Amino acid sequence: MTEARDRMRRLVRGGLALVAVAAIYEAVARSGLFPTVLLPTLPVVAHTLWASCADGTMPLHAFYTLKRVLIGCGLAIVVGLPLGILMGRYRPIENFVLPLASALMPIPSLAWVPVFILWFGLGDQVAILIVFYAALFPMLLNAWSGVRSVNPLWLRAASAMGADGNALFWKVMVPAASPFIITGLRQAFLRSWIAVVGAEMLAASDWGLGWVIFDAKEFLNADVMLASLAVIGAIGFAFERLVFGSVERATVLRWGMVQATKG
Amino acid sequence: MHDALASSSPAVSLPATGGADAAWRVVARTAFPFIVAGAAWEIVAHLGIFPPRLFPTLEQVAATFVRLTLSGALPHHALDTLIRLVAGFALAAVIGVAIGIAMGRSRLTEDIALPLVSIGAPIPGIAYAPLFLLWFGLGNVSAVLLVGFVSGFPIIFNTWTGVKAVKEIWVRSAQAMGADQRRMFAKVILPGALPYILTGLRLGLAQAWRILVGVEMLAAVPWGLGWLIFGAREFLATDVMLAGIAVIAIMGLVLEKLVFQRLERFTVVRWGMMT
């Protein structure tokens, strides 16, 4: 009972806060203190968003951005996940890969953009490689910590009950490491989502949400910028909540590896 | 945001070594992969498959590094980047921790601020860059504000989580022993939330660092490592780029290892909040 009232109160107050902020923004935008090109009113932004969705340009930009993210992130998973698991299993591989990873990790992926532009030219390849670089390390390190964190008691118990290597891997190690692996997937996607926007801004390529925002700056189209920001935020949010949320529910929560937390 | 702490868990640490291992073996083992990678790079660079301007040898990169350091250009770039980072991060730390604590302590603030923060957080920081440039002009103001804005989100979330995670029983027993509001805050809430706050600051700093390099490329600031790398593109100076990236890597490592691990040891570990 109090639970439901709590939710209600949260929703009402949160909604009121959003309305208040929107109203303040609208008032400032209409007051004429700032040029309207720099601070467009919300109806203008909404109209721009609707118009660009209706004529198909915004979905196409989003499609190009998503394509780059999915290819880059997919490559990072294909490389990072097995390598991370191997690192957790075999000391020599860990000893070899870990120092390299720790040295490369603090370099922001965007720092590589100019180098990659010189090597591969402007275009898709740069964005995909930057996404790959950004997503690789979270995937690698989380898979590695996941495998290392498997309770040795479970491994011994399973082998005492006669599990062979294969069963040990699929029935014990993978489920036990899965909370980390899913955290890794999440972080990898978040990082690549940031990286792709930056890479598209710097390595101009005609299509992509990052490029739209950057291009709009040249023409002082703040309404286009805000509209694409909304699209970027919405896609990021949808992936985080819908895709990873349901993956998590289908695997680790069902297997009882982590407690479901409210929030 | 229940994974606020978990998302920082894979701390990179070298594997614990057995007591039998001599120190030099550890050094050799750490150095070995770099030697292999360096040798591979050298072989490719010397074979001349790629134009030497685009794929310089390590000697060239090292020579450029020394040349730029001696001429004072590289330290100047690094210093400007560092000042921007510190300014933006300090802004985010002060405001972020304050908002986070306010959200954790008062239901009203939480209900009002949480939707706003949740809407702002999933948008990649760099996407705001053109907007900030439009509003605040090219240059330092935009760069610092953007860095502060972006690194504020993880700080707010983690501080909020931390304050909420303080054990109810600690608060109640402090109350029962007659602690007033201020002592309650300084002696119970703050130490209890500190592991989370530090995690937030760490994540915030990492974000700030990642965004700053990109912002410097976009904001056309006269000095800064991001600009150094991006400007070198015009002259096909790959050696300058790689020297700049090396400095970025070193600064990133130093920030993480020296600043934060030490801070953690002096506070939460000493107070027994974390082992």
Side-chain angles (χ1 to χ4, degrees), chain A residues 9-10 13-18 21 38 91 94-115 117-119 141-142 144-145 179-180 183 186-187 193-194 197-198 201-202 209-210 213-214 216-217 220 222 225-226 228-229 232-233 236-237 240 261 263, chain B residues 1-3 6-7 9-10 12 14-15 29-34 36-37 50 54-55 108 111-116 119-120 122-131 133-135 209-214 217-218 225-226 229-230 232-233 236 238 241-242 244-245 248-249 251-253 255-256:
Chain A
R9 183 192 46 112
R10 261 163 200 273
R13 282 184 178 172
L16 282 180
L18 288 182
V21 168
L38 294 188
R91 279 304 276 275
E94 178 181 297
N95 287 338
F96 189 84
V97 178
L98 196 60
L100 288 178
S102 330
L104 287 176
M105 206 180 40
I107 305 176
S109 50
L110 289 178
W112 291 105
V113 172
V115 180
I117 289 178
L118 282 191
W119 283 352
L141 292 172
N142 276 295
W144 168 66
S145 346
F180 284 83
T183 306
R186 263 199 158 128
Q187 282 180 19
W193 195 232
I194 296 169
V197 174
M201 286 185 184
L202 294 165
L209 294 168
I213 296 185
F214 194 64
K217 187 179 68 113
L220 292 179
M225 283 185 185
L226 288 171
S228 352
L229 267 178
I232 291 177
F237 188 76
E240 166 68 22
T261 15
Chain B
M1 278 301 131
H2 55 274
D3 53 1
S7 57
S9 52
V12 185
L14 293 173
R29 214 170 49 199
T30 312
F32 175 66
F34 293 102
V36 172
F50 304 107
L54 295 186
F55 207 93
L108 183 67
D111 289 342
I112 290 174
L114 195 58
L116 298 176
I119 287 179
I123 302 179
I126 193 90
Y128 291 106
L131 201 64
L133 292 180
L134 213 55
W135 284 348
W209 182 238
R210 251 177 270 136
I211 240 62
L212 180 58
V213 173
M217 293 183 187
L218 294 168
L225 291 169
I229 300 176
F230 199 58
R233 191 184 45 125
L236 292 180
T238 316
M241 286 181 187
L242 293 174
I245 288 178
I248 288 177
M251 282 172 71
L253 266 179
L255 281 176
E256 169 68 24

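Being a predicted model, the structure only gives us computed values, none of them experimental. Labels below follow one simple rule: chain letters A, B, ... track the order of the sequence lines, proteins then strands, and each chain is numbered from 1.
Among B:G252, B:A127, B:A249, the residue making the largest number of heavy-atom pairs under 4.5 Å with chain A is B:A127. Of all the listed residues (B:L255, B:L133, B:L131, B:L242), the one sharing the greatest number of non-hydrogen pairs under 4.5 Å with chain A is B:L131. The candidate from B:L134, B:I248, B:V213 with the greatest count of non-hydrogen atom pairs under 4.5 Å with chain A is B:L134. Ranked by heavy-atom pairs under 4.5 Å with chain B, the list A:V197, A:L100, A:V21 is led by A:L100. The greatest number of non-hydrogen atom pairs below 4.5 Å with chain B, out of A:P114, A:A17, A:A103, A:G236, is found for A:P114. Among B:Y128, B:W209, B:F32, the residue making the largest number of heavy-atom pairs under 4.5 Å with chain A is B:W209.
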Problem set entry | Worked check of side chain to side chain contact (heavy atoms under 4.5 Å, CB included) between A:R13 and B:L108 | CA-CA 8 Å; A:R13 282 184 178 172; B:L108 183 67; 3.4 Å; yes

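Residues passing the side chain to side chain donor-acceptor pair (under 3.5 Å) test with A:W193, sequence neighbours excluded: none. The side chain to side chain donor-acceptor pair (under 3.5 Å) check on B:R233 picks up nothing, with sequence neighbours excluded.
For B:I245, the parts sitting under 4.5 Å from any heavy atom of chain A are the backbone and the side chain alike. Both the backbone and the side chain of A:L118 come within contact range of chain B, each with at least one heavy atom under 4.5 Å from a heavy atom of that chain. Looking at B:L225, neither its backbone nor its side chain comes within 4.5 Å of chain A, counting heavy atoms on both sides. Only the side chain of B:I211 comes within less than 4.5 Å of a heavy atom in chain A; its backbone stays farther off.
Smallest separation of non-hydrogen atoms from A:M201 and B:L218: SD-CD1, 3.7 Å. Taking every heavy atom of both residues into account, B:D111 and A:R9 meet most closely at OD2-NH1, 2.7 Å. Between A:S102 and A:P106, the closest heavy-atom pair is O-CD, 3.0 Å.
Taking the ring centroids of A:F180 and A:W144, they lie at or beyond the 6.0 Å cut-off.
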